[in-house]
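Worksheet for the structure shown next.
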Amino acid sequence: MQPSSKKDRKLRQQMVCYLSPNLQIQPPLPIIYSRKLAFPPKFKAVRQAWVSNMDTVEEEKLGLIDLHPEVFAERPRVDIIHENVRWQQLYRHVSYANTKVRYEVRGGGRKPRPQKGSGRSRHGSIRSPIWRGGGIVHGPRSPTPYFYMLSFNARLNGLRSTLSAKLAQDDLHIVDSLDIPTDDPSYLEKLVEERGWGPAVLFVDDNDIMPLNITAASDVHGHYNLMPVYGLNVHSMLKHHTLVLTLAAVERIEERLLFHLNRNDAAEAGRKHRLDSL
Amino acid sequence: MVSTLGMALRYRPLTGVSSKVSKANALFNPEWTTVRFRYHADKVAKGPVPRRHGYEEKLFQGGLLPRTAFPDRALPIPTYKPKNSWNEKRALFGQNDYIDILGPSNEISQKPLHPTQLLYHVPPWLRGVQGNEYQVLLRRRKFVQKKGYALGHPTKWATLNTRIKKLYRYLNHKTKSPFWKDA
């Protein structure tokens, strides 16, 4: 099946309309034009964004939706974003570098020479740290974990800051769904090229099982990646130039972040992580 | 200024004279006087004066390049392979780190998750562990002693216990506890 263009679609609409008037045709644009915001904002202006399609290579704006300013218009805190990226890189890191201490190094149990009489310096073991080939005193000891947990609110605000920064810098686009007409990788390439989306694009949907066509098309390219909402993170958002969210993803992200911002048992969530508490 | 004085004057050398009297005469004799006849300016005028005497320049100054025994082949240098920034591991790095925020919470159908539960590449006893070597080793011993580690890895078991003992002694007898500053 060849990739469709705007002209083809209009032609097909007309043909369908003429041939079988009982069939459902695409209603006139705009299709999506309103969205109810949970926890309506009191002090910040509501932000708006276009909703595009993925059916055609050329961008077709299906409508305009509201975005909650507490999620998408938070003043981006670069220091919090940095903290988050550093945490993500470090918390799972374990250093396996190891050096042997003097009693772990092979040998060195016997006194090399008598204490007195030889005229040479006195030693107790050939593996003492002052000897060549001896043990290392304060060297790395495997395994060294670098785990630490950033506070709940620092991570929450990291997500808010990054999403806001992406929207403010025109790197955030919203689409109705990730259904594309073909599984040809070149369709995605042309689409991204045509719309001026960055070299690397991160597609986010609510569901973790993505449509077949986009999965096949993006599998070839390492810089087009698909992610469910629960997998979204600051590092990936910064690594990929453009972030493309589906409407369902926007709903889910807003619902989750606003829930955590407005919950009345936040102290429980913000408590320090305890080992073996899960 | 080029002086020709050095040519005309004669001076008595100190070396090559056998008798001590002659040497003494050469050192001090009211008939003789030493006159400067060598000037640094003359040396400079002749050409550039070499600096850093005795220093061997290791950088290539000119001349034939080094040659190898095999003129047809290139030197054995490893081929440069740039790292793939977009392989699966690097492209999806950090995925699911915010699963406790963006994932389900207190829902009946799905259990809420914490990122420490997803550290699959970290040894199970080390997941979510934050501590110094002593604390890490104590935890390791706890996890390992019930599984017959002492029978399967006797040397490592002995090393583990020795290390714990040494660290206990060192930390408690040789170093100050972090709580001392509050006392």
Side-chain angles (χ1 to χ4, degrees), chain A residues 84-85 87-89 91-94 96 100-101 103-104 140-150 152-153 155-156 158-159 199-200 202 221-240 252-253 255-257 259-260 263 265 269 273-278, chain B residues 83-107 110-137 139-140 142-143 155-156 158-167 170:
Chain A
N84 276 267
V85 172
W87 169 74
Q88 281 192 269
Q89 286 169 340
Y91 91 105
R92 55 161 65 86
H93 177 57
V94 176
Y96 293 103
K100 287 183 164 41
V101 192
Y103 53 86
E104 286 171 357
R141 299 290 293 168
S142 159
T144 310
Y146 286 82
F147 174 84
Y148 71 104
M149 210 60 205
L150 206 58
F152 188 86
N153 287 320
R155 289 186 295 132
L156 185 66
L159 281 172
L202 183 64
H221 300 291
H223 46 277
Y224 299 145
N225 290 299
L226 311 171
M227 222 179 244
V229 165
Y230 61 74
L232 194 62
N233 61 94
V234 174
H235 184 277
S236 293
M237 280 200 273
L238 294 177
K239 188 173 168 79
H240 296 80
R252 186 86 176 134
I253 289 168
E255 183 263 314
R256 290 275 86 213
L257 293 184
F259 165 72
H260 287 298
R263 63 193 294 178
D265 59 345
H273 166 74
R274 284 169 177 278
L275 190 55
D276 298 331
S277 60
L278 297 158
Chain B
K83 69 172 185 197
N84 183 10
S85 302
W86 294 103
N87 62 8
E88 198 183 327
K89 203 171 155 185
R90 289 198 183 103
L92 300 174
F93 180 83
Q95 193 177 22
N96 304 333
D97 281 348
Y98 293 77
I99 200 154
D100 57 337
I101 299 172
L102 292 168
S105 61
N106 298 326
E107 279 170 28
Q110 284 170 298
K111 197 184 154 190
L113 280 172
H114 197 267
T116 42
Q117 294 173 292
L118 307 176
L119 294 171
Y120 303 122
H121 295 293
V122 176
W125 60 277
L126 207 56
R127 281 173 199 162
V129 174
Q130 183 184 6
N132 57 34
E133 196 203 340
Y134 183 57
Q135 292 160 335
V136 166
L137 283 177
R139 190 175 165 84
R140 173 107 180 103
K142 239 196 310 183
F143 270 70
T155 316
K156 288 198 172 162
T159 320
L160 176 67
N161 282 310
T162 324
R163 186 72 186 151
I164 287 172
K165 270 194 209 144
K166 295 257 179 190
L167 280 170
Y170 176 75

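Remember, predicted model here, so these are calculated numbers, not experimental data. Chain naming here is simple, since letters A, B, ... match the order of the sequence lines and numbering starts at 1 in each. The analysis underlying the following values was restricted to heavy atoms, covering all of them including side chains, and did not include hydrogens, waters or symmetry mates.
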Inset, instruction - Evaluate the criterion side chain to side chain contact (heavy atoms under 4.5 Å, CB included) for residue pair B:H121 and A:R92; output intermediate values, then yes/no. - result: CA-CA 8 Å; B:H121 295 293; A:R92 55 161 65 86; over 6 Å; no
Inset, instruction - In plain terms, say whether B:D97 and A:R155 are close enough for a salt bridge, that is, a side-chain N and a carboxylate O under 4.0 Å apart. - result: no
Legend entry - Approximate separation, where rounding is to 0.5 Å, of B:L119 CG and A:H93 NE2: 13.0 Å
Legend entry - B:R139/A:L275 under side chain to side chain contact (heavy atoms under 4.5 Å, CB included): CA gap, chis, key distance, verdict: CA-CA 11 Å; B:R139 190 175 165 84; A:L275 190 55; 3.5 Å; yes
Legend entry - Partner chain B: residue of A:Y230, A:Y146, A:W87, A:F152 with the largest heavy-atom pair count (under 4.5 Å): A:Y230
Inset, instruction - State, with a plain yes or no, whether a side-chain heavy atom of A:P228 is found less than 4.5 Å away from one of B:Q95. - result: yes
Legend entry - Residue part contacting chain A, namely of B:T155, when any heavy atom lies under 4.5 Å: neither
Inset, instruction - Sort B:V129 into side chain, backbone, both or neither according to what part of it lies under 4.5 angstrom from a heavy atom of chain A. - result: both
Legend entry - Contact class of A:E104 relative to chain B, heavy atoms under 4.5 angstrom: side chain
Legend entry - Toward chain A, the part of B:Q130 with a non-hydrogen atom under 4.5 Å: both
Legend entry - Closest-packed option against chain B by number of heavy-atom pairs under 4.5 Å, given A:V94, A:L202, A:L232: A:L232
Legend entry - B:Y170 atom OH, neighbour heavy-atom count above 12 within 6.0 Å: no
Inset, instruction - Heavy-atom distances under 4.5 Å only: say whether A:V101 touches chain B with side chain, backbone, both or neither. - result: side chain
Legend entry - Donor-acceptor under 3.5 Å (A:H260 side chain, B:I101 main chain): yes
Legend entry - Close side-chain approach of A:P143 and B:R140, heavy atoms under 4.5 Å: no
Inset, instruction - Could you have a look at B:E88, B:Q117, B:H114, B:R90 and say which one has the most heavy-atom pairs with chain A under 4.5 angstrom? - result: B:H114
Inset, instruction - Considering non-hydrogen atoms only, spot the tightest contact between B:A91 and A:G222 and give its length. - result: CB-O, 3.8 Å
Legend entry - A:F147 side, atom CZ; B:R127 side, atom CZ - distance, nearest 0.5 Å: 12.0 Å
Inset, instruction - Calculate, to the nearest 0.5 Å, the distance between atoms CG and CZ belonging to B:D100 and A:R256 respectively. - result: 10.5 Å
Inset, instruction - Grab the two heavy atoms, one from A:V229 and one from B:L102, that are nearest each other, plus how far apart they are. - result: O-CD1, 3.4 Å
Inset, instruction - Identify which of B:T162, B:L137, B:N87 forms the greatest number of heavy-atom pairs closer than 4.5 Å to chain A. - result: B:T162
Inset, instruction - Select one option (side chain, backbone, both, neither) describing which atoms of A:Y96 are under 4.5 Å from chain B's heavy atoms. - result: side chain
Legend entry - For the student: nearest non-hydrogen atoms of A:M149 and B:P115, plus distance: CE-CG, 3.6 Å
Inset, instruction - Could you check if a side-chain atom of B:W86 sits within less than 4.5 angstrom of a side-chain atom of A:K239, using non-hydrogen atoms only? - result: yes
Inset, instruction - Please flag which part of A:L257 lies under 4.5 Å from any non-hydrogen atom of chain B: side chain, backbone, both or neither. - result: side chain
Inset, instruction - Select one option (side chain, backbone, both, neither) describing which atoms of B:Y120 are under 4.5 Å from chain A's heavy atoms. - result: neither
